[in-house]
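Just so it is clear: chains get the letters A, B, ... in the order the sequence lines come, proteins before strands, and each one is counted from 1.
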Amino acid sequence: MMKKYSNQRRAYGEELVALGRENPNVVALEADLGKSTMSCLFQEAFPDRYFEMGIAEQDMLSTAAGLAVSGKIAFCSTFAVFASGRAYDQMRQTISIGRLNVKLCGSSSGLSDFGDGSTHQAVEDVALMSAIPNMTVFTPCDPVEVRQAVRAAAAIQGPVYIRVVRNDVPELIDPSSKFEVGKLRTLREGTDVAILAHGVMVDEALEAAETLQKAGISAKVVNVATMKPFPYDEVKALAGQVKAIVTAEDHTFIGGLASAAALALRQSATPMDYVAIPDSFGQSAQSSEELMKFYGVTRDDIVKKVQALL
Amino acid sequence: MKVSQREIEKMAAQIRRDIVLMIGGEGHVGHLGGSCSCADIVATLYTAKMKGNPADPKWPGRDKLLMSKGHACIAQYAALAELGYFSKEHLVTLKSFGSMLQGHPDINKTPGIEANTGSLGQGLSIANGMALAMRLDGRAETNKVYCIMGDGEMAEGQIWEAAMAAKNFKIDNIVGILDLNGLQATGPVEDRFDTNPMPEKWASFGWHVIEIDGHDIPQILAALDEADTVKGQPTIIIAHTVKGKGISFAENVVGFHNGAMTHEQYETALRELDERLAQF
C-alpha cells in the first residue's frame with residue numbers, strides 16, 4: 001500500500017489553532033521560529049493570544065509560567081534542542097515544581113534537522129525532559145498522533161513536552177483511534193519479537209517487520225508515544241508474549257527508550273537489545289537518512305539486532 | 001487604601017521580628033540580610049498598596065507580589081502570616097520537614113505565594129506573564145504585578161530579556177522593585193561583579209525609573225503611586241537599601257546573607273525589635 005506522507009509541524013500548528021478556537025484560555029509563545037514550528041498559524045488566527053518572545057527561550061518559558069499560573073494553557077514552541085536545553089532550568093524550577101500548565105513543543109528533534117549539525121540536533125531531549133518530576137513526555141510517531149498529543153497535552157494539568165520532527169513522515173495512526181496517555185499502541189501483531197519504537201523509528205520498525213517476515217520471523221511493532229509516564233508494566237508484560245525485545249529511537253541510548261525498556265525488563269528472562277544513537281552528538285548531512293545510517297538507527301539496524309537475539 | 005505611615009512602620013518592625021524568629025538562634029542559618037533589606041517595601045505593599053484577600057488567596061481581583069530574589073521569601077512569609085493568610089504558628093516551622101514554609105517560595109505549599117522562584121533571574125519574566133494574563137483578562141487597568149529583585153541578581157541575563165520583553169509588549173501593569181542593598185552572597189556587588197549603573201541600564205531598556213530610599217515609607221508609597229500613573233511602559237523602582245536593616249549587628253554585614261546568629265545575637269535582635277514595636 002502506498003504511504004501517505006504529511007508533516008508533523010504543520011499538524012502541530014493546525015491542531016493548536018483548533019484548540020484555540022475551542023478554548024479562549026489557550027495561548028502560544030514563540031522564540032522567532034514560528035514559521036518553522038508552525039506556531040505562526042496560531043498567530044494568524046489569534047494575534048492577541050500569541051506572544052513573539054524574540055530569540056529568548058528562557059524568558060519565553062518563564063513568561064509562559066506566569067501566563068499558566070494565571071489560568072492560561074501556554075504552548076511554547078521552538079527547536080527541541082533549545083526547548084529542552086536552553087530553557088531547562090525554567091522548565092524545572094517554576095513550571096514543573098509548580099505543576100503549571102505549560103506545554104513545550106520540541107520541534108525539529110532528533111536527526112531530522114539534518115543540515116544544521118550538532119548544535120541543532122536534539123539527541124538527548126527525551127532524557128532531559130523525562131528526568132524532571134511532574135513532566136509528561138510525548139513522542140508521537142506521525143502527524144495524526146501529533147494532533148492527538150497536542151489535545152492530550154491541553155487536557156493534562158501540568159507541564160508536557162511534545163517531540164516533533166521536521167521532515168514529512170508517513171501517516172501510521174488511524175485518526176479515529178484513541179490516544180491514551182501512558183499506554184503502548186500496537187501497530188502490528190507478531191509472536192517472535194516485539195519492536196518498541198517512537199517517533200520516526202516507528203515507520204522504520206514497521207519496515208523492519210516486513211523484512212523479518214520474509215525471513216520467517218514474526219515481529220510485533222509497538223509504538224511508544226508516551227515516554228513519561230513510561231508504561232513499565234505493559235512493557236514488562238510484553239516480555240511474556242515474545243522471545244525477544246528490541247527498542248528503536250532517534251535519541252541516544254542514555255535516558256530514552258532503551259534505558260526505560262531495560263528498566264522495565266530488569267527482572268525478565270526475555271533478552272532485549274536496542275537501536276539508538278551512540279553517546280555522541282550529530283553532524284551536518286544532506287539528509288536525515290544519511291545520518292540515521294551513520295549513527296545506526298535504520299530499519300536494517302533493527303533487523304540485524306532482532307536476528308542476533310533470536 | 002488609607003493606611004498611616006505608622007501602621008506600615010509597625011508592620012515592617014513586625015516582619016523583621018518574624019524573620020528573626022523564623023531563622024532562629026544558634027545552629028540555624030537563614031537569609032537575614034536580604035530579607036530585612038526589603039522588609040519596608042514588603043510591608044508597604046501588603047498593608048497599603050496591594051489588593052488581596054487573606055481568606056481567599058486565589059481571589060481573581062488580587063494584585064500579585066513575586067519575590068524574584070526567592071531567598072528573601074521569609075519577609076513575604078512574615079507579611080502573609082501577619083495578614084492572616086495562614087497561622088503565625090507556622091513561622092517557627094520554616095525549612096522543617098513537612099513545613100508549609102519552604103526555603104524558597106512554593107506555590108503549592110504556601111497560601112499567598114504566587115510562583116516558585118529561587119533560581120535567580122526568572123521572576124521578572126514570570127511577572128511579565130502574569131501581567132500579560134491580566135491584560136488578556138481585562139484586568140490590566142485595575143491590577144498590578146510587583147516583582148522584587150536583588151542587585152546581585154542583576155547579573156542574570158534573563159533579567160534583561162524580561163526587561164526588553166516588558167518594553168516590547170508595553171506592559172504598564174508591572175512594577176519591578178530593585179532591592180539595591182549593595183551586597184551579594186560573597187561580598188559587595190561592585191567588587192564581586194559590578195552590575196552598575198542601574199538607573200541608566202533600566203532607562204535605556206525602556207523602563208520608567210524611580211529612585212528612592214527603600215527604608216523611607218513615604219518615599220516607597222510615593223513611588224508606588226507614581227508607578228500607577230505611568231502608561232505604555234513598565235516602571236522600575238530602584239530602592240537603595242541596607243542589607244540586614246533593622247538588626248544592629250547585621251547591617252551591611254556580608255556574613256548575614258545566609259548566616260547564623262549566635263544565641264546572644266538572636267536574643268539581641270528580638271529585644272531590639274520588641275523595643276521598636278513598643279514604640280507603636
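When each of B/M130, B/E161, B/K58 is checked for heavy-atom pairs under 4.5 Å with chain A, B/E161 comes out on top. Taking A/A65, A/G98, A/G54, A/A64 one by one and counting their heavy-atom pairs under 4.5 Å with chain B, the maximum is reached by A/G98. Between chain A and the options B/L124, B/N128, B/L136, the largest number of non-hydrogen pairs under 4.5 Å is found for B/L136. Ranked by heavy-atom pairs under 4.5 Å with chain A, the first of B/I159, B/D106, B/N168, B/D137 is B/D137. Chain A forms more heavy-atom pairs under 4.5 Å with one residue of B/L66, B/I107, B/L132 than with any other, namely B/L132.
Legend: residues meeting salt bridge (charged side-chain N to carboxylate O under 4.0 Å, His left out) with B/D56, ordered by chain and number and at least two apart, are absent.
In this structure, a donor-acceptor pair under 3.5 Å is present between the side chains of B/R192 and B/T186. Side chains of A/E44 and A/Y50: no donor on one and acceptor on the other come within 3.5 Å.
Under the 3.5 Å distance criterion, the side-chain polar atoms of B/D172 are matched with a main-chain donor or acceptor of B/G232. With hydrogens and angles disregarded, no donor-acceptor distance shorter than 3.5 Å links the side chain of A/D59 to the backbone of B/S125. In this structure, A/Q148 contributes its side chain and A/K178 its backbone to no donor-acceptor pair below 3.5 Å. In terms of modelled atom types and a separation under 3.5 Å, the side chain of A/S109 and the main chain of A/V164 share a donor-acceptor contact. Using a distance-only test at 3.5 Å, with no hydrogens or angles considered, no donor-acceptor pair links the side chain of B/D151 to the main chain of B/Q184.
The aromatic rings of B/H71 and B/H31 lie tilted to each other, with the angle between the two planes from 30° to 60°. Taking the six-membered ring for Trp and thresholds of 30 and 60 degrees, B/W160 and B/F205 have ring planes inclined between 30 and 60 degrees apart.
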Subject >> A/F230 and A/V137: CA distance, side-chain angles, deciding distance, side-chain contact (heavy atoms from CB on, under 4.5 Å) verdict >> reply: CA-CA 9 Å; A/F230 190 79; A/V137 177; over 6 Å; no
Subject >> Evaluation steps, side-chain contact (heavy atoms from CB on, under 4.5 Å), between A/V17 and A/F46 >> reply: CA-CA 8 Å; A/V17 172; A/F46 311 104; 4.2 Å; yes
Original post:
Are A/T252 and A/D279 close enough, and set up right, to give a side-chain hydrogen bond (donor to acceptor under 3.5 Å, both in side chains), and what steps lead you there?
Top reply: CA-CA 6 Å; A/T252 74; A/D279 180 20; 5.5 Å; no
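Contacts with chain B (heavy atom to heavy atom, under 4.5 Å) involve these residues of residues 68-93 of chain A, listed by number: A/V69, A/S70, A/K72, A/D89, A/Q90, A/Q93. Along residues 151-163 of chain A, no residue comes nearer than 4.5 angstrom to chain B, judged on non-hydrogen atoms. Within residues 19-38 of chain A, the residues having any heavy atom under 4.5 Å from a heavy atom of chain B are, by residue number, A/V27.
Summarising the local packing, NZ of B/K95 is surrounded by more than 12 heavy atoms from other residues, nucleotides or ligands at distances under 6.0 Å.
Heavy atoms closer than 4.5 Å to chain A are found in the side chain of B/K64, but not in its backbone. Of the atoms belonging to B/A127, not a single heavy atom falls under 4.5 Å from chain A.
Between A/M227 and A/G256, the closest heavy-atom pair is CE-C, 3.4 Å.
Salt-bridge annotation for B/D228 and B/K49: present, with a side-chain N of the basic residue lying under 4.0 Å from a carboxylate O of the acidic one.
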